[in-house]
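Accompanying notes for the structure given below.
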There are 2 protein chains.
Amino acid sequence: MFQLDYMDHSPLYEQIKEKIKALIISGVLKPNEKVPSVRELAQSLTINPNTIHKAYKELELEGYIYSVRAKGSFVTPINNKINQARKDDLLLEMEKLVSELAYMNIPKEQLISRIEELYGRGRQRNND
Amino acid sequence: MFQLDYMDHSPLYEQIKEKIKALIISGVLKPNEKVPSVRELAQSLTINPNTIHKAYKELELEGYIYSVRAKGSFVTPINNKINQARKDDLLLEMEKLVSELAYMNIPKEQLISRIEELYGRGRQRNND
DNA sequence: TTAACTGTACTATATCATATATAACAGTTT
DNA sequence: AAACTGTTATATATGATATAGTACAGTTAA
């Protein structure tokens with residue numbers, strides 16, 4: 001499914017979170033699709049199942065997946081209403097980033113055209 | 001100068017980095033202006049000088065301040081050429097953020113208008 | 001010159017986060 | 001029944017974080 005980057009010094013469970021999140025955002029993992037089981041992913045990455053579980057638990061808290069006991073974990077269908085706190089966090093984080101990029105004299109046109117591109121990609125969005 | 005947020009669970013030295021960086025980016029701290037000494041800031045925040053030093057050391061690595069032995073630490077004047085790696089990091093981080101916001105159906109116009117505002121603020125930038 | 005200030009560099013210690021190993025429980029599926 | 005799910009728990013090891021304390025080297029002002 002993906003590999004861990006051993007040059008990355010962030011915690012394993014954080015890396016796993018980011019990888020799964022990226023697969024969801026990019027549309028590789030579809031809404032309600034099953035993600036690998038805790039033990040299966042642990043085995044394929046050669047790490048401890050508890051570490052996978054920690055990553056999944058946080059992904060669930062942030063609204064990216066939902067887990068059903070004895071069944072598995074699945075991609076949460078998008079819903080505009082939930083997770084307002086998460087949205088606020090992301091927007092705040094983006095404001096800090098943009099302030100920093102502005103401070104470094106990165107032309108704002110560069111940022112805006114990049115945004116247009118990124119929004120252009122996955123236009124087929126739904127609200128299940 | 002500023003206070004630490006004890007609801008924030010990130011390491012103290014990270015918080016200090018963020019606070020100082022914010023003061024520099026917002027223009028409160030001007031180029032070549034002195035930042036508090038290691039011991040002075042440690043005392044005013046009631047934390048260990050070693051922790052301040054770690055924060056300053058990283059701020060120096062990232063190019064925000066420079067330290068002169070026996071004199072103090074000072075805000076680095078902006079230079080478009082240095083710190084290309086840092087810029088690349090920030091741009092990559094922004095792309096991840098924007099992808100996530102797009103996935104959450106945040107209208108891109110909202111992001112763009114926010115960027116315009118943030119760029120509008122500190123237009124008086126120089127290249128010393 | 002002295003005293004007080006700077007950044008920097010150590011050692012030692014305590015605590016918490018991270019990751020592992022291992023085991024078990026409860027429910028589902030075939 | 002067997003094999004799979006998520007979940008929970010204990011124990012253990014390691015590294016990051018933070019503190020306390022001391023010291024060195026250079027600067028600045030009295």
Side-chain angles (χ1 to χ4, degrees), chain A residues 1-21 23-24 29 32-77, chain B residues 1-21 23-24 29 32-77:
Chain A
M1 186 158 210
F2 55 81
Q3 283 205 328
L4 293 180
D5 177 8
Y6 286 100
M7 298 298 100
D8 191 334
H9 288 164
S10 60
L12 294 180
Y13 78 94
E14 287 284 357
Q15 286 187 53
I16 294 160
K17 279 178 62 181
E18 291 307 309
K19 298 284 189 182
I20 301 271
K21 203 185 291 181
L23 290 175
I24 294 175
L29 293 174
N32 290 312
E33 185 174 341
K34 192 172 180 303
V35 299
S37 82
V38 167
R39 292 174 182 82
E40 183 188 342
L41 187 54
Q43 189 170 19
S44 88
L45 296 178
T46 333
I47 62 178
N48 196 279
N50 291 332
T51 304
I52 308 290
H53 182 248
K54 180 166 186 178
Y56 280 15
K57 206 174 52 185
E58 296 206 1
L59 282 170
E60 186 163 21
L61 270 175
E62 292 178 15
Y64 290 96
I65 65 176
Y66 62 95
S67 295
V68 185
R69 193 184 194 102
K71 288 194 161 180
S73 300
F74 309 87
V75 176
T76 306
Chain B
M1 185 157 209
F2 55 81
Q3 283 205 329
L4 293 180
D5 177 6
Y6 286 100
M7 298 299 100
D8 191 334
H9 287 165
S10 59
L12 295 181
Y13 78 94
E14 286 285 357
Q15 286 188 53
I16 293 160
K17 279 178 61 181
E18 290 307 310
K19 298 284 190 183
I20 300 271
K21 202 185 294 183
L23 290 175
I24 293 174
L29 292 173
N32 291 312
E33 186 175 341
K34 192 173 181 303
V35 299
S37 81
V38 166
R39 291 174 181 82
E40 182 188 344
L41 187 54
Q43 189 171 19
S44 89
L45 296 177
T46 332
I47 63 178
N48 195 280
N50 293 332
T51 305
I52 308 290
H53 182 249
K54 180 167 188 178
Y56 279 15
K57 206 174 49 182
E58 297 206 359
L59 282 171
E60 187 165 18
L61 270 176
E62 291 179 15
Y64 290 95
I65 65 176
Y66 62 95
S67 295
V68 184
R69 193 181 194 102
K71 287 193 161 181
S73 301
F74 308 87
V75 176
T76 304

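Labels below follow one simple rule: chain letters A, B, ... track the order of the sequence lines, proteins then strands, and each chain is numbered from 1.
- Here the closest heavy-atom approach between residue B:Asn48 and residue B:Asn50 is recorded as OD1-N, 2.9 Å.
- Residue A:Gln43 qualifies as open at atom CD: its count of foreign heavy atoms under 6.0 Å is 12 or below.
- Pairing each heavy atom of B:Ile16 with each of B:Leu4, the nearest pair is CG1-CD2, 4.1 Å.
- Both B:Lys57 and B:Glu40 sit near DNA chain C, but only B:Glu40 has its closest nucleotide nearer the 5' end.
- From the 5' end on, the contacts that DNA chain C makes with chain A at under 4.0 Å to a non-hydrogen atom open and close at C:dT18 to C:dT29.
- Of the residues near DNA chain D, A:Arg39 and B:Arg69, the one whose nearest nucleotide (by heavy atom distance) lies more toward the 5' end is A:Arg39.
- Note on A:His53: a side-chain N or O is less than 4.0 Å away from OP1 or OP2 of D:dT7.
- Within a 6.0 Å sphere centred on NZ of A:Lys71, other residues, nucleotides and ligands contribute 12 heavy atoms or fewer.
- The heavy-atom pair separating A:Leu45 from A:Tyr6 by the smallest distance is O-OH, 4.3 Å.
- In this structure the side chain of B:Val35 reaches within 4.5 angstrom of the side chain of B:Tyr56, judged on heavy atoms.
- Closest non-hydrogen pair, A:Met1 versus A:Pro36, comes out as SD-CG, 3.1 Å.
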Close N/O contacts between protein and nucleotides 15-19 of chain D (under 3.5 Å):
residue	atom	partner	partner atom	Å
D:dT17	OP1	B:Tyr13	OH	2.8
D:dT17	OP2	B:Tyr13	OH	3.3
D:dT17	OP2	B:Lys54	NZ	3.0
D:dA18	OP1	B:Leu12	N	2.2
D:dA18	OP2	B:Leu12	N	3.4
D:dA18	OP2	B:Tyr13	N	3.4
D:dT19	OP2	B:Asn48	N	3.1
D:dT19	OP2	B:Thr51	OG1	2.8

All N/O donor-acceptor pairs, side-chain side in residues 59-66 of chain B, below 3.5 Å, sequence neighbours left out:
residue	atom	partner	partner atom	Å
B:Glu60	OE2	B:Ser67	N	3.1
B:Glu62	OE1	B:Lys21	NZ	3.4
B:Glu62	OE2	B:Lys17	NZ	3.0
B:Tyr64	OH	A:Glu100	OE2	2.2
B:Tyr64	OH	B:Arg86	NE	3.4
B:Tyr66	OH	B:Asn32	OD1	2.8

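- Not one side-chain nitrogen or oxygen of A:Ser37 sits closer than 4.0 Å to the OP1 or OP2 atom of D:dC4.
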